[in-house]
Visitor: 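Sharing a structure with you now.
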Number of protein chains: 2
Amino acid sequence: MIKKSVTIKEIAKELNLSVSTISRALHDHPSISAATRLKVKQMAQELHYEPNQAAIHFQKGKTFTIGVILPELSETFFAEALSAIEDIAYKRGYTILLGQSHDDEEKEKLLAEKMRAHRVEGLIVSLAKNTTDYSHFEQLKKYHIPVLYFDRIPPLKNIHHVSCNIETGSTEAVNYLLKQGHRNIALINGPVSLLASKQRKEGYITALQKNRLKFDPSLVVNCNLTERGTREALETLLALKRKPSAVIAFNDYVSSYAVKHAINLGLKINEDICFVSFANSPINQFIQYPPLASVEQFPAIQGQKAIDTLLDIINNHTEEAYYRVVINSELVEHQKTG
Amino acid sequence: MIKKSVTIKEIAKELNLSVSTISRALHDHPSISAATRLKVKQMAQELHYEPNQAAIHFQKGKTFTIGVILPELSETFFAEALSAIEDIAYKRGYTILLGQSHDDEEKEKLLAEKMRAHRVEGLIVSLAKNTTDYSHFEQLKKYHIPVLYFDRIPPLKNIHHVSCNIETGSTEAVNYLLKQGHRNIALINGPVSLLASKQRKEGYITALQKNRLKFDPSLVVNCNLTERGTREALETLLALKRKPSAVIAFNDYVSSYAVKHAINLGLKINEDICFVSFANSPINQFIQYPPLASVEQFPAIQGQKAIDTLLDIINNHTEEAYYRVVINSELVEHQKTG
DNA sequence: TTATTTTACGCAAACGTTTGAATGGATTAG
DNA sequence: CTAATCCATTCAAACGTTTGCGTAAAATAA
């Protein structure tokens, strides 16, 4: 009843061969004859041989583990990214060691340290919101642990990163609204400190310029992404002489807050005012007035690229070059429900 | 520059002691004098010694890995549960190997097989929606890999499981609405096949009986949890002679669909009809008319209990007894937003 | 003092796999 | 027919750690 797991040794004994022959046969080493190779593989099947990963890891001096540090798993964006990362890592024989910073820089430091101690072969990191010191990651270079930044990337020169080109999406969003006839288009942006905010604004301005419209700075307001902050931002916009007929929101959450408040203020959504936003998250499915369109950032594709390039870096030992993968965002129009 | 990681051997050489002494000293083995124990630990610190996990796993014949199979990571409920599982596993020196079934029974089978090949020491499983054959998990008993079912559990006798008592929450939901003066309370339930549906219904009936109200079966309708199914369910209810003034929805998603449709039908939410639901998921934050209250199922606590009891099972080799941990759900009233 | 126990450490094997080097036998070249 | 070459396989060490057993020296008991 107590099934001891079968090893390479048993196969060797069974076939009167040496363990080295078995090992090589299973790996299709050229110096093994086709005949014995076949025999070995058959016997392995028969005995239900499964290579002992722990032994392999140990002997190869590799852990086949890569660390992933994310702010919050319960944010759909990260959950979808992780999902893709997991799938590919699995297929390529790697295990993911997950850590959540909960947007806390201290926790992030601890995690980086633990991951190092755990001897991960590489790290995929999406920074905590308020991380300004990156030394805990940059230190890992000493240990030859490559770090690939993902989506929330630091403003550093020599780093690997995978991220999404938000600007083009932002431009698309403006173009979309212009095509609908809107001329007063506002932007409820995130905190000025965020790179993501800068990118949205740049794309916004680009679109206006391309269409020979002049940029009115008062139509762009920053907010802290909370419900309250969004309400205040919206009220600022509605108090303008040049009142916007359309709003581009930082993301779908902000859009939902703004819509709620607009309704409370007696506005008719999609008549008096309409919304476009970023993220294209599943919540749009559940809300009464989702944004007319949302900029998809393809978390799964980003995750896939992230793990793929990290594994390339690890397996090709290309520590000289820096990988910078940027995928394009894309405006997705929502079909009108009802 | 090329930092070779320091081993126990170096410490031994440095102090002119044997490796076994070092090993024991680091583990506070009683047969090592306090003096050398101190010396060893200091030297270990000085040299930045980190135990080679791969070597330990190998030598102990354990992987310190536990598998987690979930339907969908992008469902907040599972993301939160996994988050808790990860945190505790990390603290107790275990690594999580994650797999997503995407609610596909075949994928689930594959994952179970891969996890076994990977020699996980135990498995936490939340079943795919349509899994009816559990042999791929029950087979793991042969390999002494304990399986702990989580939230979505199979109707089997001898299993470990952690789940949530939905009935009490359901009863609370009805009581809450009764207290508000409602007498015609409907239930938009899930598919009859689901255990979760049965539990909601039982709790619903219990509450009515306790309050000496008679149970009207026409007030309970099943739906397939899609938006369309929800609309149909709502229309069925609204066509009744005894029209409900309050609806308990299977979960917050169903509630949101129902609210949308009710508004389209010209009903005033919280006046003509109001809603209560299950899951207490974050989407409630974003929608115009969230349910008045929602039954919290504490995914994080469930996850925590799951990993804790599984690790107990693993480390105490208690294969005889079956653990059945049930936590209580709890109705959470939402504060009305402005 | 001698016998016995206790204390503090070392020796060596073991875990499963990989891999450079060695080996013997068969084949080919000269 | 000998020498060189090649093929298929084996040998043995190595990876880092743990642990049962052995053994000196020190402490205690007689």
Side-chain angles (χ1 to χ4, degrees), chain A residues 2-41 43-44 47-65 93 116-119 121 143-144 315, chain B residues 2-41 43-44 47-65 93 116-121 143 315:
Chain A
I2 300 126
K3 289 208 183 186
K4 272 297 296 161
S5 48
V6 16
T7 75
I8 230 173
K9 283 183 189 170
E10 269 108 283
I11 305 181
K13 197 177 292 175
E14 205 71 30
L15 296 172
N16 275 321
L17 289 169
S18 72
V19 285
S20 37
T21 303
I22 309 300
S23 175
R24 286 192 242 258
L26 291 173
H27 289 84
D28 293 319
H29 192 283
S31 80
I32 302 295
S33 71
T36 53
R37 193 182 313 161
L38 190 69
K39 272 198 303 181
V40 168
K41 289 194 175 178
M43 183 58 74
L47 299 181
H48 300 106
Y49 167 73
E50 304 275 3
N52 182 330
Q53 298 299 333
I56 294 173
H57 295 173
F58 168 56
Q59 117 80 24
K60 293 216 163 185
K62 298 186 69 181
T63 57
F64 293 96
T65 299
R116 188 186 60 69
H118 218 282
R119 293 202 185 10
E121 295 183 22
Y143 298 88
H144 302 273
N315 293 316
Chain B
I2 300 126
K3 289 208 183 187
K4 272 297 295 164
S5 48
V6 16
T7 73
I8 231 173
K9 282 185 190 170
E10 268 109 284
I11 305 180
K13 197 177 290 174
E14 205 72 29
L15 296 172
N16 278 320
L17 289 169
S18 73
V19 286
S20 37
T21 303
I22 309 299
S23 175
R24 287 191 242 258
L26 291 173
H27 289 84
D28 294 317
H29 191 282
S31 81
I32 302 297
S33 71
T36 53
R37 194 184 313 164
L38 190 69
K39 273 199 300 180
V40 168
K41 289 193 175 178
M43 183 58 73
L47 300 181
H48 301 105
Y49 167 73
E50 302 276 3
N52 181 329
Q53 297 300 333
I56 295 173
H57 294 174
F58 168 54
Q59 118 79 28
K60 293 215 159 182
K62 297 186 69 180
T63 57
F64 293 97
T65 299
R116 187 186 60 70
H118 218 282
R119 294 203 186 5
V120 297
E121 293 182 22
Y143 297 88
N315 293 317

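Order of the sequence lines sets the chain letters (A, B, ...), proteins ahead of strands, with each chain counted from 1.
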Visitor: Atom CD of E10(B) and atom C1' of dT17(D): how far apart are they, to the nearest Å?
Guide: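 About 13 Å, once rounded to whole Å.
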Visitor: Starting at atom CD of Q53(B), determine the distance to atom P of dC15(D), rounded to an integer number of angstrom.
Guide: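 Rounded to the whole Å, the gap is 19 Å.
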Visitor: Could you work out, with ring pair (Phe, Tyr, Trp, His ring centres under 6.0 Å) as the rule, every residue matching Y49(B), not counting sequence neighbours?
Guide: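 Result, ring pair (Phe, Tyr, Trp, His ring centres under 6.0 Å) vs Y49(B): none returned.
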Visitor: How long is the line joining CG of N52(A) and C1' of dC15(D), in whole Å?
Guide: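 N52(A) atom CG is separated from dC15(D) atom C1' by 14 Å.
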Visitor: From CD1 of I11(B) over to C1' of dG16(D), roughly how many Å is that when rounded to an integer?
Guide: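 Distance check: I11(B) CD1 to dG16(D) C1' gives 12 Å.
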Visitor: For the helix from dT1(C)-dA30(D) to dG30(C)-dC1(D), what angle lies between the axis at the first five pairs and the axis at the last five pairs, to 10 degrees?
Guide: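 Answer rounded to 10°: the end axes differ by 50°.
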Visitor: What is the distance from NZ of K9(A) to C1' of dA12(D), rounded to the nearest Å?
Guide: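 My rounded result for the distance is 13 Å.
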Visitor: Pairs under 3.5 angstrom, nitrogen or oxygen only, protein versus nucleotides 18-21 of chain C, please.
Guide:
| residue | atom | partner | partner atom | Å |
| --- | --- | --- | --- | --- |
| dT18(C) | OP1 | H27(A) | NE2 | 3.0 |
| dT18(C) | OP2 | S23(A) | OG | 2.7 |
| dT18(C) | O4' | Q59(A) | NE2 | 2.8 |
| dT18(C) | O3' | Q59(A) | NE2 | 3.4 |
| dG20(C) | O6 | R24(A) | NH2 | 2.3 |

Visitor: Between K39(A) and I11(A), does the side-chain contact (heavy atoms from CB on, under 4.5 Å) criterion hold? Intermediate values first, please.
Guide: CA-CA 10 Å; K39(A) 272 198 303 181; I11(A) 305 181; over 6 Å; no
Visitor: Is it true that R116(B) and E50(A) make a salt bridge, defined as a side-chain N closer than 4.0 Å to a carboxylate O?
Guide: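 Salt bridge present between R116(B) and E50(A).
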Visitor: Between H29(A) (side chain) and S31(A) (backbone), is there a donor-acceptor pair under 3.5 Å?
Guide: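 Such a contact is found between H29(A) side chain and S31(A) backbone.
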Visitor: Would T7(A) and E10(A) satisfy side-chain contact (heavy atoms from CB on, under 4.5 Å), going step by step from the backbone distance to the final call?
Guide: CA-CA 6 Å; T7(A) 75; E10(A) 269 108 283; 3.0 Å; yes
Visitor: Compare all side-chain heavy atoms of T65(B) with those of R119(B) and state whether any distance is below 4.5 angstrom.
Guide: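 T65(B) vs R119(B): side chains apart.
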Visitor: With a centroid cutoff of 5.5 Å and a plane-angle limit of 30°, would you call F58(B) stacked on dT17(D)?
Guide: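 Not stacked: fails the 5.5 Å / 30° test.
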Visitor: For residues 52-62 of chain B, please give each side-chain donor-acceptor pair under 3.5 Å, one per line with the distance, not counting sequence neighbours.
Guide:
| residue | atom | partner | partner atom | Å |
| --- | --- | --- | --- | --- |
| N52(B) | OD1 | A54(B) | N | 2.9 |
| N52(B) | OD1 | A55(B) | N | 3.1 |
| K62(B) | NZ | Y94(B) | OH | 3.4 |

Visitor: Looking at every non-hydrogen atom in both residues, tell me the closest pair between V120(B) and T63(B) and how far apart they are.
Guide: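 The answer is CA-OG1, 4.2 Å.
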Visitor: When the distance from CG of L17(B) to C1' of dC11(C) is rounded to whole Å, what number comes out?
Guide: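 So the two atoms are 14 Å apart, to the nearest Å.
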Visitor: Rounded to whole Å, please give me the gap between CD in E50(A) and P in dT17(C).
Guide: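 After rounding, the gap between these two atoms is 11 Å.
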Visitor: Distance check needed: dC9(C) P versus L26(B) CG, whole Å only.
Guide: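 About 13 Å, once rounded to whole Å.
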Visitor: In Å and rounded to the nearest 0.5 Å, what is the CG to OG distance from L47(B) to S5(B)?
Guide: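 OG of S5(B) is found 12.0 Å from CG of L47(B).
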Visitor: Which ones in residues 28-41 of chain A lie close to DNA chain D, meaning a heavy atom under 4.0 Å from one of its atoms?
Guide: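 Those residues whose heavy atoms fall under 4.0 Å from DNA chain D, taken from residues 28-41 of chain A in numerical order, are S31(A), I32(A), S33(A), T36(A).
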Visitor: With a 4.0 Å limit, can you tell me whether T7(B) has a side-chain N or O closer than that to the phosphate oxygens OP1/OP2 of dG16(D)?
Guide: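 Answer is no, no contact under 4.0 Å.
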Visitor: Side chains of residues 20-27 of chain B: which donor-acceptor pairs under 3.5 Å do they make with residues two or more places apart or in other chains?
Guide:
| residue | atom | partner | partner atom | Å |
| --- | --- | --- | --- | --- |
| S20(B) | OG | S18(B) | OG | 3.0 |
| T21(B) | OG1 | S18(B) | OG | 3.0 |
| H27(B) | ND1 | S23(B) | O | 2.7 |

